[in-house]
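A quick write-up on the structure given underneath.
Not measured: the values here are computed from a predicted model.
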Amino acid sequence: MKITESPLFADVERKGVKARMPLLEVLRTHPRALLSAFAARIGVDVAFYTFTAYILVYLTGPLGLDRQVGLNAVLIASALQLGLIPLFGALSDRYGRRPVYFAGVVGAAVWVFAFFPLLDTRSTFLIVVAAVVALVTHAAMYGPQAAFIAELFSTRLRYSGASMGYQVAGIAGGALAPVIAIKLVDSFGSTIAVSVYVVIALAITALGLAIAPETRDLDLAAEPQRA
């Protein structure tokens, strides 16, 4: 209740230069940034909900394990991730948003092919290992994500641009990932299809990172190049 507006936004209000139709202006002046923000989140969400939501469906369905096994694994992994997200955020401050983010993308793309075989062992310990490593890779992507997406847009349009890219990607990625995973296993009878789906989504995220500038040292007071 007592947090004040950031100086940059306060300056926009003071100067009276707020955008009248920010969503349309974002589409007109920052299409590349918007595409990058959208793509940067797609793979992160697909991987996350595969690792934390579909794992419960897979363990209790095809593997016939007690739901608590999966819940415990996700809880342990999430507790570790709680500390890792700010750590990877700090690393992105030091080494750059894109390198840390991309390391998480590569890690998740590789690990997803080990993730399901570990679950298939039905070993509680290995299931925990599968979840923990999966969320370590997710933390590497999620730690820099907020700063990276916000820094793609000018101050006048930062809230609208970041929100549009982030939320639309959440619907297209995370909201549908568990459902798509279920359908893929039903159709192909194998989790390989789910792993390929996750890798494709992560490839889109890698493309989003590739077309974006490195924003770590960006002067937020400056107007970003329109692209």
Kindly compute the distance separating [atom1] ([X]) from [atom2] ([Y]), expressed to the nearest 0.5 Å.
{"X": "Leu209", "Y": "Tyr101", "atom1": "CG", "atom2": "OH", "result": "6.0 Å"}
{"X": "Gln145", "Y": "Ser92", "atom1": "CD", "atom2": "OG", "result": "11.5 Å"}
{"X": "Glu214", "Y": "Glu151", "atom1": "CD", "atom2": "CD", "result": "8.0 Å"}

How far apart are the closest heavy atoms of [X] and [Y], and which atoms are they?
{"X": "Ile42", "Y": "Ala169", "value": "CD1-O, 3.8 Å"}
{"X": "Ala109", "Y": "Val199", "value": "O-CG2, 3.7 Å"}
{"X": "Ala130", "Y": "Phe115", "value": "O-CD1, 3.5 Å"}
{"X": "Tyr49", "Y": "Gly174", "value": "CD1-CA, 3.4 Å"}
{"X": "Phe188", "Y": "Ala193", "value": "CD1-CB, 3.8 Å"}
{"X": "Thr121", "Y": "Leu118", "value": "OG1-O, 2.6 Å"}

Between [X] (side chain only) and [Y] (backbone N and O only), is there a donor and an acceptor less than 3.5 Å apart?
{"X": "Ser36", "Y": "Gly208", "value": "yes"}
{"X": "Thr205", "Y": "Gly43", "value": "yes"}
{"X": "Arg98", "Y": "Ala212", "value": "yes"}

Crowding at [atom1], [X] (>12 non-hydrogen neighbours, <6.0 Å):
{"X": "Phe113", "atom1": "CZ", "result": "yes"}
{"X": "Tyr197", "atom1": "OH", "result": "yes"}
{"X": "Leu82", "atom1": "CG", "result": "no"}

Exercise. Hey, can you tell me if Phe48 and His138 have their rings parallel, tilted or perpendicular (30° and 60° cut-offs)?
Key: tilted
Sub-4.5 Å side-chain heavy-atom contact between [X] and [Y]:
{"X": "Tyr58", "Y": "Asp120", "value": "yes"}
{"X": "Phe148", "Y": "Leu152", "value": "yes"}
{"X": "Phe116", "Y": "Ser195", "value": "yes"}

Quiz item: Other hydrophobic cluster members with Leu91, side-chain heavy atoms of Ile/Leu/Val/Met/Phe/Trp/Tyr under 4.5 Å, chained?
Solution: Ile76, Leu80, Leu84, Leu87, Phe88, Tyr95, Val100, Val128, Val132, Val136
Does [X] belong to the same Ile/Leu/Val/Met/Phe/Trp/Tyr cluster as [Y], with side-chain heavy atoms less than 4.5 Å apart forming each link?
{"X": "Leu176", "Y": "Leu184", "value": "yes"}
{"X": "Leu135", "Y": "Leu75", "value": "no"}
{"X": "Leu207", "Y": "Val198", "value": "no"}
{"X": "Ile171", "Y": "Leu35", "value": "no"}
{"X": "Tyr54", "Y": "Leu71", "value": "yes"}

Quiz item: Can you check side chain to side chain contact (heavy atoms under 4.5 Å, CB included) on Phe51 and Val112, steps first, answer last?
Solution: CA-CA 8 Å; Phe51 293 149; Val112 73; 4.1 Å; yes
Self-check item: Tyr166 and Asp45 side chains, donor-acceptor separation under 3.5 Å
Solution: no
Quiz item: In chain order, what residues pass the salt bridge (charged side-chain N to carboxylate O under 4.0 Å, His left out) check against Asp93, with sequence neighbours excluded?
Solution: Arg97
Extract all donor-acceptor atom pairs below 3.5 Å that involve side chains of residues 59-70 and protein atoms in other chains or at least two apart in sequence.
residue, atom, partner, partner atom, Å
Thr60, OG1, Leu56, O, 2.7
Thr60, OG1, Val57, O, 3.4
Asp66, OD2, Gln68, N, 2.8
Gln68, NE2, Asn72, OD1, 2.9

